[in-house]
Amino acid sequence: MRNSKFRYECDMARSARSWLKGQGLTVKEEFYTPWGICDFVGASLDERRVLERLKLGQRRPIGPPIRIEILGAVAEAETGRATTLEELAQKFEGLLTADEVRAEVERLVIGNFVRVNREGAFQKVNGWVPLHTRLVALELKLSRVEDALGQAVSHQAFAEESFVGLPTGLAERIADSPRAARFLAEGVGIVSVGKSRCRIVLRPETRRHPADPTLQMHCVERFWRTRVKGN
C-alpha cells in the first residue's frame with residue numbers, strides 16, 4: 001500500500017492547495033473560526049449574483065456577524081414590508097442597546113444593504129443571497145484522526161462540504177476500515193494527500209449538521225473582499 005511521507009502537516013499544504021484550486025475554488029489558508037483555525041477553505045462565488053450585488057452598489061463587506069444578523073432581520077424590499085428600529089431593538093434586546101442597533105443599521109444603509117422608506121422604516125435590498133455556489137473546508141492531519149474528525153464536524157457550521165486530509169496510506173486505511181462509518185455518519189469526507197496530488201477516498205452522500213446562516217455568510221464575506229479587490 002502506498003504511503004506518502006510527510007514530516008510536518010505544513011508539508012501537505014502544497015498538494016491540498018493545488019487540489020482545491022484545481023476545482024476552480026478561491027482558497028484561503030488558516031481560516032479563523034469561533035472554535036479555532038481551519039487549515040483550508042475554498043469558495044466559489046456565483047458570478048451572476050456577484051454582478052447583481054455590484055449593480056446595487058454593495059461593494060463593501062457587510063461586517064461582523066451581529067450586523068449580518070440584523071440585516072437578516074430586516075424585511076425584504078421586494079415584499080413591500082418594512083422593519084422599524086423599535087422592532088429591531090426589541091429583537092436584539094439583551095445583545096445590543098437601541099443606540100447600538102441604530103448604529104449598525106446606519107452602517108447597513110451606508111453600504112446600500114438597507115434603504116429607508118417614507119415612514120422611516122427599513123427594507124433590505126437583496127437579490128444575490130446566497131452569494132456562493134460552493135464552500136469547502138479541509139482539515140489536514142498527519143495522524144490525529146479523531147481530532148481531525150471533530151474539527152471537520154465543527155466546520156460544517158459554515159461549509160457545505162467538509163473533509164479531513166490525511167497522508168495517502170493512512171487515508172486509504174481509514175476509508176477501507178470500519179472507522180469509515182463514523183465519517184459517513186458525521187457527513188465528513190476523507191481526502192488522500194500525496195506529495196503531488198490529492199483525491200477523495202471517502203465522500204459522504206449527505207451532510208449531517210446544518211450550516212449556521214449567519215456564520216456562513218460571514219465566512220463568504222471574506223471571499224467577497226478578495227473578489228472586490230480583484231475586480
Which pair of heavy atoms, one from [X] and one from [Y], lies closest together, and at what distance?
X: F122; Y: L88; result: CD1-CD1, 4.3 Å
X: R60; Y: R53; result: O-NH2, 3.0 Å
X: F223; Y: K28; result: CE2-CG, 3.7 Å
X: T214; Y: P65; result: CG2-O, 3.5 Å
X: G127; Y: E52; result: O-CG, 3.9 Å
X: G63; Y: H218; result: O-ND1, 3.6 Å

- Go through I70 and L96 one step at a time and tell me if the side-chain contact (heavy atoms from CB on, under 4.5 Å) criterion holds. CA-CA 11 Å; I70 291 172; L96 298 173; 3.8 Å; yes
Rounded to the nearest 0.5 Å, what separation is found between the [atom1] atom of [X] and the [atom2] atom of [Y]?
X: R49; Y: L54; atom1: CZ; atom2: CG; answer: 14.5 Å
X: R203; Y: I190; atom1: CZ; atom2: CD1; answer: 12.5 Å
X: Q156; Y: Q216; atom1: CD; atom2: CD; answer: 11.5 Å
X: T168; Y: K195; atom1: OG1; atom2: NZ; answer: 10.0 Å
X: H155; Y: T33; atom1: NE2; atom2: OG1; answer: 6.0 Å

Please tell me if the side chains of [X] and [Y] come closer than 4.5 Å, counting only heavy atoms from C-beta onward.
X: V74; Y: F113; result: no
X: V41; Y: L135; result: yes
X: F163; Y: L20; result: no
X: F31; Y: R222; result: yes
X: C38; Y: Q151; result: no
X: F92; Y: E69; result: yes
X: L170; Y: L142; result: no
X: V164; Y: I174; result: no

When the side chains of residues 179-188 are checked against the rest of the protein, which donor-acceptor pairs come out under 3.5 Å, sequence neighbours left out?
unit_1, atom_1, unit_2, atom_2, d
R182, NH1, E146, OE1, 2.9
E186, OE1, H209, NE2, 2.8

Residues at least two apart in sequence or cross-chain that pass side chain to side chain donor-acceptor pair (under 3.5 Å) with E30, listed by chain then number, are none
Checking the side chain of [X] only, and the main-chain atoms of [Y] only, is there a donor and an acceptor separated by less than 3.5 Å?
X: T133; Y: S44; result: yes
X: S15; Y: C198; result: no
X: S192; Y: R199; result: no

message: side-chain contact (heavy atoms from CB on, under 4.5 Å), that's the test. Do L138 and D39 meet it? Break it down for me.
response: CA-CA 6 Å; L138 176 62; D39 291 323; over 6 Å; no
### Task
Please lay out, stage by stage, how V116 and V109 fare under the test side-chain contact (heavy atoms from CB on, under 4.5 Å).
CA-CA 8 Å; V116 185; V109 172; 4.2 Å; yes
Contacts of D212 meeting salt bridge (Lys or Arg N to Asp or Glu O under 4.0 Å) (sequence neighbours excluded), chain-then-number -> none
Checking E106, E221, E104 against R67 for salt bridge (Lys or Arg N to Asp or Glu O under 4.0 Å), the one that qualifies is E104
When N112, N126, V228 are each screened for side-chain contact (heavy atoms from CB on, under 4.5 Å) with Q58, the one that passes is N112
So salt bridge (charged side-chain N to carboxylate O under 4.0 Å, His left out) across residues 76-95, not counting sequence neighbours, yields E76-K124
Residues joined to Y32 in its hydrophobic cluster, side chain to side chain under 4.5 Å directly or through other members, sorted by chain and number, are I37
Can R144 and E139 be counted as an ion pair, charged N to O under 4.0 angstrom?
no
Those residues at least two apart in sequence (or on a different chain) that pass side chain to side chain contact (heavy atoms under 4.5 Å, CB included) with S154 are W35
query: Is the count of non-hydrogen atoms from other residues, nucleotides or ligands lying under 6.0 Å from Q23 atom CD greater than 12?
result: yes
Determine whether L56 and W128 satisfy the following criterion, side-chain contact (heavy atoms from CB on, under 4.5 Å), listing intermediate values before the conclusion. CA-CA 10 Å; L56 294 172; W128 51 265; 3.9 Å; yes
